[in-house]
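Below, chains carry the letters A, B, ... as their sequence lines are ordered, and counting in each starts from 1. Worth saying up front: this structure is predicted, and the values here are computed from it rather than measured.
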Amino acid sequence: MTEQNLNDQELRRLEELRLLEESGINPYPYSYDKTHSATQILSSFSDENPEPLSNVSVAGRIVSIRKMGKATFSHILDSTSKIQIYFRKDDLPEFYELMKNLDMGDIIGVKGFVFRTKMGEISIHAKEATVLCKSIKILPTPKEEVDEQGNKVIHDAFADKELRYRKRYIDLIVNPQIRETFIKRSKIIAEIRKYFDERGWLEVETPILQPLYGGATARPFITHHNALDIDLFLRIADELYLKRLIAGGFEGVYEISKNFRNEGMDKMHNPEFSALEIYVAYKDYNWMMNMTEELISRLVQKIHDSYKINYNGQEIDFTPPFKRVKMFDLFRELTGKDIKGEPRENLLAVARELGVEVDSNASTMKILDEIFGQKLQPDLIQPTFIIDYPVEMSPLAKKHRTEEGLVERYELFVYGFEVANAFSELNDPRDQRARFEEQASIRAAGDEEAMVLDEDFLNALEIGMPPTAGLGIGIDRLVMLITGEVSIRDVILFPQMRPENS
RNA sequence: GAUCCCGUAGCUCAGGUGGUAGAGCAUUUGACUUUUAAUCAAAGGGCCGUAGGUUCGAGUCCUACCGGGAUCACCA
């Protein structure tokens with residue numbers, strides 16, 4: 001921060017800072033004893049008995065100032081809410097003088113008594129006040145109005161998305177609804193941990209730097225370890241490590257994992273994102289489906305106090321049980337015929353008939369995926385489990401116990417996007433090796449995203465992994481649904497951005 | 001990666017067919033001891049994203065680049 005780069009307002013604030021110090025004030029003191037949060041005061045004040053709140057202290061950032069000569073009204077914002085402070089020159093003459101050198105954005109502590117103003121707002125009448133931090137840079141100044149219907153109207157909101165994402169700390173200060181979103185995100189994750197911990201499953205940490213990447217189909221980020229002089233990959237998933245732990249004897253493990261995928265960014269994708277994976281021994285995908293339903297509906301209930309939410313203008317009902325549909329039954333509904341096991345050429349013809357855009361050399365798996373993605377997935381608005389996928393689409397899932405050519409896998413779709421993916425885990429090492437080899441040939445044919453054979457993971461399966469059910473949930477998308485946000489950037493505190501000065 | 005749109009004061013935005021920049025909030029000065037988008041009076045504040053080009057003259061027209069958004073493609 002050089003003085004040349006500052007505008008007139010900022011230079012003025014530096015001058016105020018100097019004046020404060022000159023008058024013996026430390027503008028950056030070490031601590032402050034606050035007795036209450038703003039919310040605690042607002043929710044516990046009673047007009048009949050204000051006595052319990054006759055001597056409180058609060059701290060927060062000045063977000064509005066209305067000076068009226070020898071009295072001033074101001075709102076300060078703490079982590080819970082805004083609260084109005086009433087300053088009278090008669091009550092604190094020295095601080096009142098000092099207030100000339102305070103601005104919007106400064107942080108202060110206030111001691112006083114709680115009362116209700118003529119206009120009906122619960123406020124603190126200041127008896128003592130302390131500067132806790134002087135702000136040099138200017139905050140945006142949105143104004144809040146309450147119209148006749150009692151609705152909040154925000155004027156001049158800080159709305160520039162680029163600035164909001166790059167300077168999230170400003171966004172959090174001036175856009176209270178964003179703060180709410182991230183509080184909800186934290187609650188959702190805490191609730192997930194609580195649910196799993198109650199059941200005795202172990203939260204574990206597995207490597208982010210992996211010598212081989214696996215557990216999903218995606219292009220990885222590559223980095224280099226100097227001491228070992230080897231390239232390492234940032235994980236695209238933690239699946240293969242968690243399954244090693246099940247082989248190692250843990251019966252329930254989960255990890256909330258940052259994964260990294262070197263692919264495009266849009267409102268559904270950020271290069272680093274959070275995923276939950278959980279593996280439970282001696283269970284299958286049917287059991288896991290019930291667990292998923294219970295977990296997700298419970299999360300919605302905890303946040304909304306209801307199973308029904310509104311997402312992007314659409315009511316979504318998370319009341320269990322969720323709809324369950326076999327994938328090929330959906331295909332049958334769409335096409336009027338059973339396309340399971342059809343040769344590639346026939347599937348291609350079906351796709352063309354439906355107007356699905358698909359490359360003529362696309363694999364069987366790709367064609368099915370395209371038909372599903374373009375024709376079926378967008379209509380899966382209400383929570384729906386899609387069950388039993390073709391084996392080619394699922395190299396880590398166990399073959400179906402009765403259906404030839406399928407695996408025991410389901411995905412949960414809500415509002416047209418995938419929220420969860422789970423299967424009865426493949427634990428036959430011979431089959432797993434064959435699937436990896438199949439992936440290798442797909443890779444050789446030019447698909448960079450096909451899975452890489454992981455010999456050590458196969459070794460773990462050869463040592464023996466019990467029957468296991470596994471589940472992955474995209475945390476960011478789940479948070480989007482539950483908080484009503486339509487862009488992943490609004491549920492990630494610091495979304496990836498291109499650097500400003502390149 | 002493709003297409004379209006955007007970039008003007010700290011913030012939100014105006015700036016027909018080219019003629020050296022405007023408003024509200026914020027800031028400064030003054031008035032005001034229950035206001036709440038406080039109000040009233042006055043003042044200051046701009047590399048108009050960057051670099052070229054056309055022109056007597058560019059915020060405005062053209063080109064490239066930088067950054068962002070939306071849609072599509074790719075992708076869980």
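Ring-centre distance between A/Phe372 and A/Phe413: below the 6.0 Å cut-off. Aromatic pair A/Tyr285/A/Phe423: ring centres not closer than 6.0 Å.
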> Based on Watson-Crick and G-U pairs with both distances under 3.5 Å, what dot-bracket line describes RNA chain B 5' to 3', crossing pairs as [ ] and inter-strand pairs as |?
Replying inline: (((((((..((((.....[..)))).(((((.......))))).....(((((..]....))))))))))))....
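Rounded to an integer number of Å, the gap from A/Glu10 CD to B/C11 C1' is 12 Å. In this structure, the CD1 atom of A/Ile83 is 16 Å from the C1' atom of B/U35, given to the nearest Å. One atom, CZ of A/Arg477, and another, C1' of B/C75, lie 9 Å apart when rounded to the nearest Å. For the pair A/Ile138 CD1 and B/C11 P, the computed distance is 10 Å after rounding to whole Å. A/Arg66 places its CZ atom 16 Å from the P atom of B/U33, with the value rounded to the nearest Å. For the pair A/Leu139 CG and B/C11 P, the interatomic distance rounds to 11 Å; values are reported in whole Å.
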Using a cut-off of under 3.5 Å, enumerate the N/O to N/O pairs linking the protein to nucleotides 41-45 of chain B.
from: B/G44; atom 1: N2; to: A/Asp8; atom 2: OD2; distance (Å): 3.1

Between the protein and nucleotides 28-31 of chain B, list every N/O to N/O distance that falls short of 3.5 Å.
none

Can you check nucleotides 12-15 of chain B for protein contacts, nitrogen or oxygen pairs under 3.5 Å, and list what you find?
from: B/U12; atom 1: OP1; to: A/Asp160; atom 2: N; distance (Å): 3.3

Hey, what are the protein-to-nucleotides 71-74 of chain B N/O distances that come in under 3.5 Å?
from: B/U71; atom 1: OP1; to: A/Lys267; atom 2: NZ; distance (Å): 2.9

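Using atom C1' as the reference point in both B/G18 and B/C48, the two lie 15 Å apart (nearest Å). Nucleotides B/A9 and B/A14 have their P atoms positioned 12 Å apart, rounded to a whole Å. B/A51 sits 15 Å from B/A58 when the C1' atoms are compared, rounded to a whole Å. A gap of 29 Å separates the P atoms of B/G44 and B/A37, to the nearest Å. Taking atom P in both B/G49 and B/A42, one finds a spacing of 32 Å when rounded to whole Å. Comparing B/C74 with B/U60, their C1' atoms sit 38 Å apart, to the nearest whole Å. Of the P atoms belonging to B/G46 and B/A23, the separation is 14 Å, rounded to the nearest Å. Annotation: B/U27 and B/C11 have their P atoms spaced 15 Å apart (nearest Å).
Under the 4.0 Å criterion applied to side-chain N and carboxylate O atoms, A/Asp329 and A/Lys326 are not assigned as salt-bridge partners. For the pair A/Lys152 and A/Glu145, the salt-bridge criterion is not met [side-chain N within less than 4.0 Å of a carboxylate O]. Residues A/Glu408 and A/Lys399 are not paired through a salt bridge, judged by the lack of any N-O separation under 4.0 Å between the basic side chain and the carboxylate. Using a 4.0 Å cut-off between charged nitrogen and carboxylate oxygen, A/Asp238 and A/Lys243 do not count as a salt-bridge pair.
Here A/Arg164 lies out of heavy-atom contact (under 4.0 Å) with every strand.
Remark: A/Ile107 pairs with A/Arg61, A/Leu132, A/Cys133 by the side chain to side chain contact (heavy atoms under 4.5 Å, CB included) rule, at least two apart or across chains.
Residue A/Gln84 places its side chain closer to B/U35 than to any other of B/U35, B/G10, B/U33. Closest to the side chain of A/Lys143, out of B/U34, B/A37, B/G68, is B/A37.
Here the CG atom belonging to A/Asp106 is positioned 8.5 Å from the CD1 atom belonging to A/Ile108, to the nearest 0.5 angstrom.
For A/Ser64 and B/U36, a side-chain-to-base donor-acceptor distance below 3.5 Å is absent, hydrogens and geometry of angles not being considered.
Between the side chains of A/Glu277 and A/Tyr279, at least one donor-acceptor pair of N or O atoms lies under 3.5 Å. Looking only at atom types and distance, the side chain of A/Arg235 has a donor-acceptor partner in the side chain of A/Ser257 under 3.5 Å away.
Using a 4.5 Å heavy-atom threshold, the side chains of A/Tyr213 and A/Leu234 count as separate.
In this model, the phosphate group of B/G68 is approached by a side-chain N or O of A/Arg498 to a distance below 4.0 Å at OP1 or OP2.
Annotation: cation-pi geometry not satisfied between A/Arg185 and A/Phe182 (NZ/CZ under 6.0 angstrom from ring centroid, within 45° of ring axis). Annotation: cation-pi pair A/Arg409/A/Tyr389 present, NZ/CZ under 6.0 Å from the ring centroid and within 45° of its normal.
A/Glu16 pairs in a side chain to side chain donor-acceptor pair (under 3.5 Å) with only one of the listed residues (A/Arg18, A/Arg13, A/Arg12), which is A/Arg12.
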